[in-house]
Amino acid sequence: MPREHLLKVGVSGVRGVIGDFLTPALSASFAQAFGTYVGKGRVVVGRDTRTSGPMLTHAVQCGLLAAGCEVIDLGVIPTPTIQMYIAHTRARGGIALTASHNPPEYNALKLFNAEGLFFNHYERSELLDLFHQSQFVQAPNDEIRTVRQDLKTAPALHLARVLSRIDAEAIRRRKFHVALDGVNGAGSRLSVHFLENVLKTRLDAISVDPAKIFPRIAEPRPDTLTELADLVRRTGADIGFGQDPDGDRLAVCDETGAVLDNDDVLALAVSRALPQTPGDVVVNLTTSLVIDDVAAAHGRRVWRTPVGEANVVEMMQAVKAAIGGEGSSGGIIYPAVHLCRDSYTAMALLLDLMAETGKSVTQLVSALPRYTRLSGKVAFEHGRLGTLMQSLEESFPDAETDRTDGLKLLWPGRWLHVRSSNTEPLLRLAVEAKTESAAKELFRSAWERLTA
Amino acid sequence: MNAGLRISHVGLRGVVGSGLTATHVMDFSAAFGTFLEPGRAVVLGRDTRASGNMIREGVVASLLACGHDVIDLGVASTPVVQHAIHRMGAGGGIAISASHNTIDWNALRFFGPGGIYLNTAEAGELLDIYHLRRFAFQEWNKLGSLRVLDSALDDYLDDLARVYDLAALQGLRVVVDCCNGTSALILRRMNERFGCGFVLINERVDGRTVAHTPNTSAGIVELQLGPLMKPLAADAGFLFDLDSDRVALADETGRGVSEELILPMLADYLLPRSEGKLVIANLSSTALLEDVTAQHGGRVLRVPVGRQAAIDAISTYRPEQIALAGEGTGAVMMPQFRFVYDGIASMLAILTMMREKGQSLSAILASYPRYCILKAEVPLHSTNIPALLLQIQSEFPDGRLDRTDGLRVSWPNRWFHIRVSQTEPVIRVIVEQQGQEPRDLFEKLLDKVRSFH
């Protein structure tokens, strides 16, 4: 019987279901721990469009003020926009209230440092200890500051940073026809403005009302973007973009209405970024080999990290990477704009690539090396994880192994990766190979051993 | 032992940071959100303290999480909050204010429908929910929403203007020490709208500093306004606490008027104009009240000290039976304003009285019999209190005895009251006598009390 994780307090912050789990008092305490950790000064707060956003914003603001911080409230705003604003305004840090692609009953606190980046693993465990010790700064009356709203600065700042890295004029000249599904998320208004007014595309948009609830499953995937695919086919758009509620992830639809594999989207972005940016590429362990091929074509190396945006970002910082991301989950991180997952940067790089090459999305994708990827989930009992992984490793003695996040077994041109989910008692299995039959064979043999 | 936090039937009160924390605020307001019937909005206001910014956020979060819509009046006096609850038909409200306490304190004060204080039974239920910490948090699609309302002050002034002729007060020269509190906003607006011409001092509102302790006592008002009255040729001087529920008064000569006299003065003015003839006051306030009330054919009901006892007493009568209720601290409630402690309403009643009588404040006060009251505090061990009270009681067998709140013994023309403070570990000794100062009795009682330490 899989147990649901209705509340998770850990090194990644706090995430949970609104109601009896992620309560206002817990959120305020966590924010007060955060305020204690970053120190008195300005702290930025923003949220996505979830119904619990206003409630949690007030809770978090209470905790920050209690720690003696001054709060800058950006209102409803994409997460990457918050991150850039933090860095630009030299704030002490920031908190985004968003459960990203999780369902609407969830919410979470995402925490950022003074540079608008994730804290590293060690900093995050320090903060968690502080929270558990409950030894917060308790500001007396004369040290309690105010909440100040700034709804204008951050979106303009974000778009200016994106535009500085692409040839916007070339995009405007092409007068692309774009379809957009904003999932009624935090980016809804900004995306319409960006595509229509800034990049002068002809825009057909659905679900761009931030006052409404999510009309589809929040994670942008092929099976959740059917409405966008229909829109592309109906309007004959050149490309379709599907966002998640906090505007960090992006899925892409080609001009035939087929939703691309997220690894391919990342590969296209990498191919656009590398010629103009020095540095290597960082991706997680389940990201496709297509990235290695594209990087190799530009003479760059690929670094791999455990799954999770924070892990990728930490490595990107360490190796001064040119670009990075997490293939399967639809995230592109381009440090030239900001070291964060950003759907606006992703949209801009793809349109820029189309403008520069004069090619359609299907043409661009067909030029990429072909791999077949398969994935699945297996429920497992606690205590069996080690045995399962060990038997898997022993079954494939010829493979190179990587145990930094679960178990990855590699051969030239193919791999398999098994890891336990952070949020559910599930094993995730992913395989990749050059051909469909090879991928199926690899998947089947691994699946048999895991379910034996 | 007082670490700067008190959780009681009166609500939640403490020194922000060292005693009162965000967690207390959030849990207590979640308890209130659980206590209130669902489906009606909750009105919120705060005084000028900087810590109100933090507390406001916590209160809003907890109320929204319990599914209540919140109407936030921003910086507003406690009476303005209470009036708004009534006017808007809200389910209740919270005033964030430690009133007359020093600036480092803050508090949550809870009101039910109609803007009235919770009675003892309701306050007890709220406390039980708080201690149980099982709150009625709602699911993601049933949360409340927040609305900010800035018209509450004008609506409140409209209510006051229906009872008092505000423009007619222009004829009086009035100086007010706002103590950097909410009265500054109210009186400034009255000057704008009705041309009252109140002269305001300490009217700057920054939340971090106050010119002096916001205590409404004769001593402070004399110190603050005494030197200004003659140079400004002022007819009356007033001083408010931070949320304007209490008032202190100085006469035209610059003398601070004992806070004890405010209730008798208002009784003198209101009784002839009121259908109700009952005056509710606590056991520690001046016997002048009996004299004045008797003159107008009324009756005084004495209740234990503290707002809660007064509220419970009021709720046992029909509103039209009561002329007014209050304390010897300058806190007075009137039926025409639905029994809200309101210093501004008290000020308007006193000024209207002066205008109608055409007399100076000192002349009005001189027309009352003179009483002398002596007060002292003695720290003590709680263990010894029952024996102490019994001993003193046995030494005064000839007086009229009241044991409803400590020990009160009264004779014609004099009384004393010995009681334990609800807020500090001290015994309060109060002795009053008509005409002469009751120094001998006062010293005798103090010696007795000290011998039990």
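Each chain gets a letter, A, B and so on, in the order its sequence line appears, and its residues count up from 1. Everything numeric in this text was worked out from a predicted model, so none of it was measured.
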Q.
For B:Met54, which atoms come within 4.5 Å of any heavy atom of chain A: side chain, backbone, both, or neither?
A.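 For B:Met54, heavy atoms of backbone and side chain both lie under 4.5 Å from chain A.
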
Can you tell me how far the [atom1] atom of [X] sits from the [atom2] atom of [Y], to the nearest 0.5 Å?
X        : Y        : atom1 : atom2 : result
B:Arg208 : A:Glu143 : CZ    : CD    : 9.0 Å
B:Asn141 : A:Glu105 : CG    : CD    : 9.0 Å
A:Leu56  : B:Trp140 : CG    : CH2   : 14.0 Å
B:Arg49  : A:Asp142 : CZ    : CG    : 13.0 Å
A:Ile144 : B:Ile55  : CD1   : CD1   : 7.0 Å

Q: Go through the steps to decide whether B:Val60 and A:Gln61 satisfy the test side chain to side chain contact (heavy atoms under 4.5 Å, CB included), and finish with yes or no.
A: CA-CA 10 Å; B:Val60 169; A:Gln61 289 176 166; over 6 Å; no

[X] atom [atom1], over 12 foreign heavy atoms within 6.0 Å:
X        : atom1 : result
A:Glu126 : CD    : yes
B:Arg188 : CZ    : yes
B:Asp206 : CG    : yes
A:Glu227 : CD    : no
B:Arg134 : CZ    : no
A:Ile213 : CD1   : no

**Q.** Minimum side-chain heavy-atom gap A:Val147-B:Arg56 below 4.5 Å
**A.**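 Side-chain contact under 4.5 Å: no.
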
Q: Report the option among A:Gly68, A:Ala59, A:Pro104, A:Ala67 that has the most heavy-atom pairs separated by less than 4.5 Å from atoms of chain B.
A: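 Ranked by heavy-atom pairs under 4.5 Å with chain B, first place is A:Pro104.
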
Q: Return the option, out of A:Asn107, A:Val137, A:Asp20, with the maximum number of heavy-atom pairs under 4.5 Å with chain B.
A: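 Winner by heavy-atom pair count: A:Asp20.
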
Q.
Taking 4.5 Å as the heavy-atom cut-off, does anything in residues 44-52 of chain A contact chain B, and if so which residues?
A.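 Listed by number, the contacting residues are A:Thr51, A:Ser52.
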
Heavy-atom closest pair, residues [X] and [Y]:
X        : Y       : result
B:Met26  : A:Ala28 : SD-CB, 3.0 Å
A:Met55  : B:Ala65 : CG-N, 3.7 Å
B:Leu146 : A:His58 : CD2-NE2, 3.4 Å
A:Pro54  : B:Leu64 : C-CD1, 4.3 Å

Q: Could you check A:Leu64, A:Leu65, A:Thr57 and say which one makes a side-chain contact (heavy atoms from CB on, under 4.5 Å) with B:Glu57?
A: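 Running side-chain contact (heavy atoms from CB on, under 4.5 Å) over A:Leu64, A:Leu65, A:Thr57 with B:Glu57 returns exactly one hit, A:Leu65.
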
Q) Under the side chain to side chain donor-acceptor pair (under 3.5 Å) rule, what pairs show up with a residue in residues 21-32 of chain A, not counting sequence neighbours? A)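 Listed by first then second residue: A:Gln32-A:Gln138.
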
Q: Select, from B:Ala136, B:Ala50, B:Ala22, the one with the greatest count of heavy-atom pairs under 4.5 Å involving chain A.
A: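 Greatest number of close heavy-atom pairs with chain A: B:Ala50.
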
Q) B:Asp104, B:Thr23, B:Ile103: which one forms the most heavy-atom pairs within less than 4.5 Å of chain A? A)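 Heavy-atom pair counts peak at B:Ile103.
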
